[in-house]
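Structure, as structure tokens:
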Amino acid sequence: MIHLPENWKKFWKITEEDFEGLFSAEGTVYRNIDGRRTVRFRFGEKHYFGKFHRGVGWKKIIKNILQLRRPPVLSAANEWRAIQKLNSLDIGTTPLVGYGRKGLNPGKIQSFVVTEEIRNAISLEDYCKDWCDNPPPYAIKKALLTEVARIARVMHENGMNHRDFYICHFLMDISQGKESITPDSVRLSVIDLHRVQIRAAIPWRWRVKDISGLLFSSLDAGLTKRDLVRFAREYENASAEKAVGERRFFWWIVRKRAARLYKKAFGKKPPAA
């Protein structure tokens, strides 16, 4: 199975049975482990990201089974489907260029997904890193909180959970300049979709995992209780009383898990919000 523009197929000499040319694309390597290589490379006038899977091997599959863990991601199909799903939900993400897959042996599936680089963007982790000492205008913070919560709600309502849902995986458009961001100009894209799960409905525990990941990665951004209530209200699409009151146990679990993640990562209790 190959989905690629014809000029790509011709340049990289790609066929249904051979995409080795594209696999050998040279550039900046961001990951090269467990049979998966992620590289930023140039083609024509643009930069792209290629995620090339050579198979995880039966050893890892069996290990996960014996440890009663979920099977590892076997191919780039996960990311390909996730990008298409986000596009259908009108949520920003990396523009898809193509996808390919060959092989039936689960341990040796070879596949790839190629996306355009999102230019003129900054991760929310970098954008928010000095908020404790240099807080933004409240209108900007409110717009970001609302948009991140809306994206999380739309994804979860439509059967998607990210599994690595941290603010570093949200890119904000700064094509007009970082200092020119206004509440109305906030545009976010969700990236790193390698482990996304898509199904009819998301189990409760995976909602907890995603939202606690967001909170954990935001704990050093100087968020207040008012901010957290605003996020909850938008995520639940309900009044503050209903969002926080009727769903109190959910948000208590989210905060406990986020605090535990913070202590594990940094060896100390998180700042109080």
Side-chain angles (χ1 to χ4, degrees), residues 1-16 18-33 35-54 73 75-102 110-127 144 147-148 150-151 154-155 158 160 162-178 180-181 185-196 198:
M1 176 190 296
I2 299 288
H3 298 275
L4 266 179
E6 288 301 319
N7 62 320
W8 281 65
K9 292 181 182 178
K10 183 176 180 180
F11 181 85
W12 300 102
K13 298 180 174 61
I14 292 173
T15 67
E16 293 287 341
D18 183 11
F19 24 83
E20 192 61 36
L22 184 56
F23 269 49
S24 61
E26 295 184 355
T28 303
V29 177
Y30 283 79
R31 180 186 177 94
N32 191 6
I33 191 172
R36 178 163 63 100
R37 178 172 174 261
T38 300
V39 59
R40 176 181 180 267
F41 64 97
R42 187 182 181 93
F43 182 59
E45 298 300 314
K46 295 182 179 181
H47 282 94
Y48 301 86
F49 279 92
K51 296 186 178 181
F52 307 114
H53 296 243
R54 291 191 179 276
V73 175
S75 76
N78 239 41
E79 190 136 3
W80 177 54
R81 287 192 292 265
I83 292 172
Q84 291 179 314
K85 182 73 170 179
L86 289 178
N87 287 337
S88 74
L89 299 174
D90 199 27
I91 293 174
T93 188
T94 49
L96 184 64
V97 175
Y99 165 76
R101 169 180 169 152
K102 66 178 181 179
Q110 293 194 37
S111 61
F112 67 84
V113 64
V114 176
T115 60
E116 288 186 27
E117 178 184 50
I118 299 178
R119 301 181 60 198
N120 301 316
I122 186 173
S123 77
L124 287 190
E125 181 179 55
D126 289 335
Y127 184 73
L144 283 172
E147 182 62 2
V148 171
R150 184 195 69 83
I151 288 172
V154 171
M155 288 177 63
N158 288 275
M160 295 186 74
H162 193 284
R163 297 179 69 192
D164 293 303
F165 216 33
Y166 309 118
I167 60 173
C168 62
H169 293 150
F170 284 79
L171 297 185
M172 183 169 67
D173 177 35
I174 53 171
S175 55
Q176 301 303 312
K178 184 178 175 181
S180 299
I181 294 296
S185 71
V186 168
R187 299 288 183 274
L188 300 179
S189 295
V190 183
I191 62 170
D192 198 5
L193 309 173
H194 171 67
R195 301 207 304 154
V196 165
I198 303 175

Exercise. Distance under 6.0 Å and angle within 45° of the ring axis: does Lys178 meet both against Tyr127?
Worked result: no
Problem set entry | Shortest non-hydrogen contact from Phe170 toward Val190 | CE2-CG2, 4.0 Å
Exercise. Going through the checks in order, is the side chain to side chain contact (heavy atoms under 4.5 Å, CB included) test met by Phe43 and Asn7?
Worked result: CA-CA 11 Å; Phe43 182 59; Asn7 62 320; 4.1 Å; yes
Problem set entry | Nearest heavy atoms of Ile118 and Pro95, plus distance in Å | CG1-CD, 4.1 Å
For this session: Determine whether Val29 and Thr38 make a side-chain contact, defined as any pair of heavy atoms from C-beta on separated by less than 4.5 Å.
Result: no
Problem set entry | Shortest non-hydrogen separation from Asn158 to Lys85 and the atoms involved | O-CE, 3.3 Å
Exercise. So Glu116 and Val97, side chain to side chain contact (heavy atoms under 4.5 Å, CB included) or not? Walk me through it.
Worked result: CA-CA 7 Å; Glu116 288 186 27; Val97 175; 3.9 Å; yes
Problem set entry | Backbone of Phe23 reached by a side-chain donor or acceptor of Arg37 within 3.5 Å | yes
Problem set entry | Smallest separation among heavy atoms of Leu4 and Gly98, with atom names | CD2-CA, 3.7 Å
Problem set entry | Atom pair CG (Leu171) and CG (Asp126), whose distance is rounded to the nearest 0.5 Å | 9.5 Å
Problem set entry | Atom pair CG/NE2 of Leu96 and His3 - distance to nearest 0.5 Å | 9.5 Å
Problem set entry | Steps toward side chain to side chain contact (heavy atoms under 4.5 Å, CB included) verdict (His53, His194) | CA-CA 11 Å; His53 296 243; His194 171 67; 3.5 Å; yes
For this session: Hey, can you tell me if Phe41 and Trp8 have their rings parallel, tilted or perpendicular (30° and 60° cut-offs)?
Result: perpendicular
Problem set entry | Note, Met172 side chain near Ile181 side chain (heavy atom, < 4.5 Å) | yes
Exercise. Salt-bridged, Arg42 to Glu45, with N to O below 4.0 Å?
Worked result: yes
Problem set entry | Distance, nearest 0.5 Å, that separates OG of Ser75 from CZ of Phe112 | 11.5 Å
For this session: Working to the nearest 0.5 Å, report the span between NZ of Lys102 and CD of Gln110.
Result: 4.5 Å
For this session: Before giving the answer on side chain to side chain contact (heavy atoms under 4.5 Å, CB included), spell out for Val196 and Met160 the whole-Å C-alpha distance, their side-chain angles and the decisive distance to 0.1 Å.
Result: CA-CA 7 Å; Val196 165; Met160 295 186 74; 3.7 Å; yes
For this session: Please answer whether the main-chain N or O of Thr28 pairs with a side-chain N or O of Arg40 as donor and acceptor at a distance below 3.5 Å.
Result: no
Seminar exercise, completed: For Trp12 and Ala25, the nearest pair of non-hydrogen atoms, with its separation, is CH2-CB, 3.9 Å
For this session: Measure the spacing between NE2 of His162 and CD1 of Ile151 and express it to the nearest 0.5 Å.
Result: 10.5 Å
Exercise. Are Glu117 and Lys46 ion-paired here, with the side-chain N under 4.0 Å from a carboxylate O?
Worked result: no
Exercise. For Ser185 and Ser180, which heavy atoms make the closest approach, and how far apart are they?
Worked result: OG-O, 4.2 Å
Problem set entry | Sidechain-backbone polar pair: Thr93 side chain, Ile83 backbone, donor-acceptor under 3.5 Å | no
Exercise. Is the Phe52 to Phe19 ring centre distance short of 6.0 Å?
Worked result: no
Exercise. Thinking salt bridges, do Arg101 and Glu16 make one under a 4.0 Å N-O criterion?
Worked result: no
Seminar exercise, completed: dist Ile191:CD1 -> His169:NE2 (nearest 0.5 Å) comes out at 5.5 Å
Problem set entry | Beyond-backbone contact of Lys51 with Trp80, side-chain heavy atoms, under 4.5 angstrom | no
Problem set entry | Sub-4.5 Å side-chain heavy-atom contact between Leu188 and Leu124 | yes
